[in-house]
Amino acid sequence: MTPQYQVRADYDARTIVVYQAYPDAIADAALRAGRFVPPFSFQRMTWIKPSFLWLMHRSNWAHKPGQQRVLAVRMTREGWEEALSRSVRTTADPKAVAQAAVHLQWDPERSVRGAALNHYSIQVGIGRHLIRTFAEDWVVGITDLTPQVRKASALVRSGRTAQAQRLLPTERVYPTPSTLEAHLSDLSQGHGRG
């Protein structure tokens, strides 16, 4: 049985992959530059999600307006862990949330068909005070997954979920350092708002 609150991700020894969905203009500029550049906004929070299926639910498999391009953003594990260490749960005291550099929430993980599962997926909001660090220091690569997403979406719609599943990135339990485990378990006591 999957623990209710657990970070699962595609990662290697140095990096972790998080997913984001954007309109064409932001995605194209980021892919050309190999990093986030305008029209990406450095003035507002950006949410990163290590769960591919949660983003598929959120973006309706890249069919939602403004979310039609799905990017796999590879960032340093050091940056990911720093973001987690600075996070405040979105359901915490409003004053603490307003001052937090990073917001965190837990939302129900999703199946390939979009059904809510009984365990949670982590979402991390990088605030505007840290966003340049995220974009310029932590991000090491950006890949366009949109063609793969469209193919998987067509398979799901036609009832071929087993074939769609084979196109999904592999996610496994992330080896969260014990100091962060305690912080995340404090944060998991109340989960997010979707």
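Formation of a donor-acceptor pair under 3.5 Å by the Thr176 side chain with backbone atoms of Leu180 is not found in this model. Side chain of His103 to main chain of Val97: a donor-acceptor pair is present (N/O by atom type, distance under 3.5 Å, no hydrogens or angles). Arg69 places no side-chain N or O within donor-acceptor distance of the main-chain N or O of Ala25, the cut-off being under 3.5 Å. A donor-acceptor contact shorter than 3.5 Å is absent between the side chain of Glu81 and the backbone of Pro177. Counting only distance, with no hydrogens or angles, the side chain of Gln148 and the backbone of Thr146 share no donor-acceptor pair below 3.5 Å. Gln6 places no side-chain N or O within 3.5 Å of a backbone atom of Gln4 that could act as its donor or acceptor partner. In this structure, the side chain of Asn60 does not engage the main chain of His63 through any donor-acceptor pair within 3.5 Å. Looking at Gln20, its side chain never comes within 3.5 Å of a backbone N or O of Lys49 through a donor-acceptor pair. When atom types are taken as modelled, the side chain of His57 and the backbone of Phe52 share no donor-acceptor pair closer than 3.5 angstrom.
Residue Phe36 holds its CZ atom at 8.5 Å from CD1 of Ile26, rounded to the nearest 0.5 Å. Between Leu130 atom CG and Ser87 atom OG the span is 11.0 Å, to the nearest 0.5 Å. Put simply, CD on Gln123 and OH on Tyr19 are 13.0 Å apart, with the number rounded to the nearest 0.5 Å. For the atom pair OG of Ser158 and CZ of Arg160, the computed distance is 3.5 Å after rounding to the nearest 0.5 Å. To the nearest 0.5 Å, the span separating CE on Met45 from NE2 on His129 amounts to 9.0 Å. Taking OG of Ser178 as the reference point, atom NE2 of His183 lies at 14.0 Å (rounded to 0.5 Å).
Between Lys151 and Leu167 there is a side-chain heavy-atom pair separated by less than 4.5 Å. A heavy-atom distance below 4.5 Å is found between the side chains of Arg35 and Glu136. Contact check for Asp93 versus Val88: no side-chain heavy atoms found under the 4.5 Å cut-off. For the pair Val149/Met56, a side-chain contact is recorded, criterion being any heavy-atom separation below 4.5 Å from C-beta on. Side-chain contact check for Leu55 versus Leu53: every heavy-atom pair is 4.5 Å or farther apart. Side-chain contact between Gln67 and Pro23: absent, with no pair of heavy atoms (C-beta onward) separated by less than 4.5 Å. The shortest side-chain heavy-atom distance between Pro50 and Ile122 falls under the 4.5 Å cut-off. Proximity of Met75 to Ile16: side-chain heavy atoms (C-beta onward) are separated by under 4.5 Å at one or more points.
By the rule that hydrophobic residues join a cluster once side-chain heavy atoms approach within less than 4.5 Å of another member, Val17 and Ile126 end up as members of separate clusters. Val140 and Val73 are assigned to two separate hydrophobic clusters, defined by single-linkage of ILVMFWY side chains at heavy-atom distances under 4.5 Å. In the hydrophobic clustering of ILVMFWY residues, with side-chain heavy atoms under 4.5 Å counting as a link, Phe42 and Leu71 come out together. Put simply, Val70 and Leu168 are part of the same group of oily side chains (I, L, V, M, F, W, Y) that touch within less than 4.5 Å, one to the next. Cluster membership for Leu145 and Leu31, using ILVMFWY side-chain heavy atoms within less than 4.5 angstrom, is not shared.
With salt bridges taken as basic N to acidic carboxylate O contacts below 4.0 Å, one links Asp12 and Arg74. The existence of a salt bridge linking Arg58 and Asp107 is excluded, since no basic side-chain nitrogen approaches an acidic carboxylate oxygen closer than 4.0 Å. The existence of a salt bridge linking Glu109 and Arg8 is confirmed by a sub-4.0 Å separation between a basic side-chain nitrogen and an acidic carboxylate oxygen.
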The test is side chain to side chain contact (heavy atoms under 4.5 Å, CB included); show your working for Trp138 and Thr15 and say whether it passes. CA-CA 9 Å; Trp138 296 347; Thr15 63; over 6 Å; no
Would Tyr22 and Thr46 count as a side-chain hydrogen bond (donor to acceptor under 3.5 Å, both in side chains) if you check the C-alpha gap in whole Å, the side-chain angles of each, and the deciding distance to 0.1 Å? CA-CA 11 Å; Tyr22 287 109; Thr46 190; 3.1 Å; yes
Any chance you could lay out the side chain to side chain contact (heavy atoms under 4.5 Å, CB included) test for Arg157 and Trp61, step after step, and finish with the verdict? CA-CA 10 Å; Arg157 280 198 313 272; Trp61 290 87; 5.8 Å; no
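Nearest heavy-atom pair, Val124 versus Ala83, reported as atom, atom and distance to 0.1 Å: CG1-CB, 4.4 Å. The shortest heavy-atom contact between Ala116 and Arg110 is N-NH1, 3.6 Å. The two residues Val156 and Ala164 come nearest to each other via the heavy atoms CG2-CB, 3.6 Å.
Of the N and O atoms on the side chains of Arg113 and Ser111, not one donor lies less than 3.5 Å from an acceptor on the other residue. Remark: the Thr91 side chain and the Gln105 side chain contain no N/O donor-acceptor pair separated by less than 3.5 Å.
For the pair Arg172 and Tyr11, the cation sits on the ring face: its NZ or CZ lies under 6.0 Å from the ring centre, inside 45° of the axis.
Applying ring pair (Phe, Tyr, Trp, His ring centres under 6.0 Å) to Trp106 and the options Tyr5, Tyr120, Trp54 leaves one that passes, Tyr5.
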